[in-house]
Colleague: 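Here's a structure for you.
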There are 2 protein chains.
Amino acid sequence: MAKSETPRKRRKVQGVTMMDVAERAGVSPSTVSLFFRNPDAVSAKAGNAVRTAVRDLNYAPNRMAGGLASASSPVVGVIVPSIRNAFFAETIASLQRGLDPARLQIMLGQTEYDQSVEDALVRTTLSWAPAALVVAGTDHSAATRQLLKASGVPVVEIWELGGETPLDMAVGFDHREVGAAAARHLASRARRSLVFLSGRVHEDKRAASRAEGFLAEAKALGLPARHFDHPAPATTELGGILFNRVLAELGNEDAVGIGCSNDHIALGVLFEAQRQARSIPGDYAVMGFGDLEFASSAAPALSTIRPFGDVIGSETARLILGRRAGLEDTDRTSIIDTGFRVVQRQTT
Amino acid sequence: MAKSETPRKRRKVQGVTMMDVAERAGVSPSTVSLFFRNPDAVSAKAGNAVRTAVRDLNYAPNRMAGGLASASSPVVGVIVPSIRNAFFAETIASLQRGLDPARLQIMLGQTEYDQSVEDALVRTTLSWAPAALVVAGTDHSAATRQLLKASGVPVVEIWELGGETPLDMAVGFDHREVGAAAARHLASRARRSLVFLSGRVHEDKRAASRAEGFLAEAKALGLPARHFDHPAPATTELGGILFNRVLAELGNEDAVGIGCSNDHIALGVLFEAQRQARSIPGDYAVMGFGDLEFASSAAPALSTIRPFGDVIGSETARLILGRRAGLEDTDRTSIIDTGFRVVQRQTT
DNA sequence: TTGAAAGCGCTAACAA
DNA sequence: TTGTTAGCGCTTTCAA
């Protein structure tokens, strides 16, 4: 069949549009639009007609048209170092859950711990006119900070507090305090010297803060402390490697307290200690960070620090929805400290 | 109608538009647009003028306007059960890397293993006119299948092959075969009976397939086999619980082969065996699935099956970019089996 | 190779 | 409460 003869006017591309719905419902398009945004502003009769038409035609609104017209899209940009990181994964899952009722979707970006990538991602994401932008940490390039401020888009910085002043809103906790708490906890377990194990601390600013806090607190407590870092990612395998370095350099000391930059490293220490027949927590007390899934079931069960990554996600959602609802943040602070908890188990 | 001289004409909302760039560069907007999509189609002079203007004005295109006009947005929708699942996280990370050069961004959706949520997410995501849609598995509701087919959007189903016929493209592997391979491997290690441990197999279709394949192969091999499932998620903790059930019910057997639905469960078995002073791999050989980060460093090192989640991501990206480039899939199949590898370590 | 013109599908003033 | 109208910023014919 010959399709549209001459007038290549409408290069209609979407099955059902709002106009179709309006026609079918016997109302104007703007009534349909209004109905979607505020059902109560429309008469029951019109509302029902629209509802029926939507169902009959199986209509789904075009988000881009809506976004273009309203200069804001139902998208929340989320920019994190890596989604493979269990911390961010947990927060994103929980954030999404919180955003769901508002029908906001997540647009994901991963920086791989590269600030220039972050810059690019912020630019691109901003070009969607997102309802909000969520970024990990408070450490951004000057260009990015400038861009974010200028954009007028609500920004939530997550998983870090206590460093740079937040650009707008922030949900997280102070990683230096985490390190300090780990050192204090180990000290309370009669440790005579402390070490901190980490991976590529030069890239992971938050891990670096934990190390700093740990070492500073050790000093304050009058305990000798050393830091073993490695340029590799902070994995279980690295934990084993680092523990062997500890053994090589402190092999004849006992009552050592080992703080780990995360639970993966701590797990590696546990395994390696088992292989090397070292006693935990006797000679080496071990403290992780993250309270990851396996921590409580490890043998021996891993003492660690729990960061509440899910709360970070839900609070972030709350702030975003609050801002959307037009609640100004005069009445409540928009910097939320979700804190952390020291969880003592068998390794300390 | 006189020329409207009403003031509220343009509710300009974006700092710099393509028109501004065009004006500054001394060309028309359509030339600027053309330059972005195909720089070579524009004269060097015009191209340079545009490039300079873009830089000077710090222009970022409005993606929604572009998407609306072209009826397709630079977005790839990704719908998975959960981003906290390390498998999907790895694939998404790798997918994003592959999509990056084409400036495609990921719009994320999580179903939490709920098909009605999947339905809703597919609808919503489709309303962005995405360049492609990536969904986990091949098991979808009839409505979703219908919607996807009708949309004309390229669809890639990932992490599963061998079940339903793919809707369009698919990248993954056969989970039944994984289960069978695990059973065969354990049989080859002189096991006299087999068990399979899993969590909420009623929700996780792929885990169910692995269990099925395992049990069917055990039968084919003439080995007695049992399946221990639990409605809880497949975690390390659950591994310990399930292992205790194994001990309770098969306590006086030796040379048992334990297949686990994933490495978390296997890790839990390892820890619990250590607590209960059971010998691995002597009395209990253990086989995981996933080759997660900790598997190779565990003590004893965990035998497992490696699924190549990163390859799934990169191949998915390749298919999407290929489809975009207009390459029809007549010349090459668009169903890619990424396979898996049995990795033998110390637990078998 | 470039530009004019006509929308893409929706929202938002404003008027009725 | 509803409809009219005029865009949002970009892409895409088509003609020059």
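Letters A, B, ... are given to chains in the order of the sequence lines, protein chains preceding strands, and every chain is numbered from 1.
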Colleague: Apply side-chain contact (heavy atoms from CB on, under 4.5 Å) to B:Gln115 and list each qualifying residue two or more places apart in sequence or on a separate chain.
Modeller: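 For B:Gln115 the side-chain contact (heavy atoms from CB on, under 4.5 Å) partners, ignoring immediate neighbours, are B:Glu118, B:Asp139, B:Ser141.
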Colleague: Specify the separation, in whole Å, of atom CE of A:Met18 and atom P of C:dC8.
Modeller: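 In whole Å, C:dC8 P lies 15 Å from A:Met18 CE.
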Colleague: For B:Val76 and B:Ile320, which heavy atoms make the closest approach, and how far apart are they?
Modeller: CG1-CD1, 4.1 Å
Colleague: Does a nitrogen or oxygen in the side chain of B:Tyr59 sit under 4.0 Å from OP1 or OP2 of D:dG9?
Modeller: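 Answer no for this pair, as no side-chain N or O of B:Tyr59 is under 4.0 Å from OP1 or OP2.
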Colleague: Expressed in angstrom and rounded to an integer, what is the separation of A:Met64 atom CE from C:dG7 atom C1'?
Modeller: 15 Å
Colleague: With sequence neighbours left out, write down each residue that passes side-chain contact (heavy atoms from CB on, under 4.5 Å) with B:Glu112, or none if nothing qualifies.
Modeller: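 Only A:Arg97, B:Arg84 meet the side-chain contact (heavy atoms from CB on, under 4.5 Å) criterion with B:Glu112.
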Colleague: Scan residues 43-55 of chain A against DNA chain C and write down, sorted by residue number, each residue with any heavy atom closer than 4.0 Å; if none is found, say none.
Modeller: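 Nothing qualifies; none.
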Colleague: In whole angstrom, what separates B:Asp20's CG from D:dC8's C1'?
Modeller: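 One finds 14 Å between C1' of D:dC8 and CG of B:Asp20, rounded.
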Colleague: Which nucleotide wins on minimum distance to the side chain of A:Thr17, given the candidates C:dG9, C:dT2, D:dT11?
Modeller: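 In terms of side-chain proximity for A:Thr17, the closest of C:dG9, C:dT2, D:dT11 is C:dG9.
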Colleague: Could you tell me how far apart A:Leu68 (CG) and D:dG7 (C1') are, to the nearest whole angstrom?
Modeller: 9 Å
Colleague: Over how many whole Å does the gap from B:Asn62 atom CG to C:dC8 atom P extend?
Modeller: 18 Å
Colleague: Salt bridge (Lys or Arg N to Asp or Glu O under 4.0 Å) with A:Arg51: which residues, sequence neighbours excluded?
Modeller: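 Checked A:Arg51 against salt bridge (Lys or Arg N to Asp or Glu O under 4.0 Å); zero matches.
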Colleague: Taking side-chain contact (heavy atoms from CB on, under 4.5 Å) as the test, write out the residues that go with A:Leu34, two or more places apart.
Modeller: A:Arg37, A:Ala41, A:Val42
Colleague: Who pairs with B:Ser30 by side chain to side chain donor-acceptor pair (under 3.5 Å), at least two apart in sequence or on another chain?
Modeller: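 Side chain to side chain donor-acceptor pair (under 3.5 Å) check on B:Ser30 returns B:Ser28.
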Colleague: Please give me every residue in residues 24-37 of chain A whose heavy atoms get under 4.0 Å of an atom in DNA chain D, ordered by residue number.
Modeller: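 Heavy-atom cutoff 4.0 Å gives A:Val27, A:Ser28, A:Ser30, A:Thr31, A:Leu34.
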Colleague: Which residues pass the side-chain contact (heavy atoms from CB on, under 4.5 Å) test with A:Pro81, sequence neighbours left out?
Modeller: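 Here the qualifying residues are A:Phe88, A:Thr111, A:Tyr113, A:Ala136, A:Arg206.
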Colleague: What integer distance in Å separates B:Arg63:CZ from D:dC10:C1'?
Modeller: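 About 12 Å, once rounded to whole Å.
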Colleague: Nearest heavy atom decides the nucleotide; on that basis, is B:Val42 or A:Gly67 closer to the 5' end of DNA chain C?
Modeller: B:Val42
Colleague: Considering non-hydrogen atoms only, spot the tightest contact between B:Tyr59 and B:Met18 and give its length.
Modeller: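 Scanning both residues, the minimum pair turns out to be CE1-N, 3.5 Å.
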Colleague: Taking only residues two or more places apart in sequence or in another chain, which ones pass side chain to side chain donor-acceptor pair (under 3.5 Å) with B:Asp56?
Modeller: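 For B:Asp56 the side chain to side chain donor-acceptor pair (under 3.5 Å) partners, ignoring immediate neighbours, are B:Arg24.
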Colleague: Without decimals, in angstroms, what is the distance between A:Asn38 CG and D:dT2 C1'?
Modeller: 14 Å
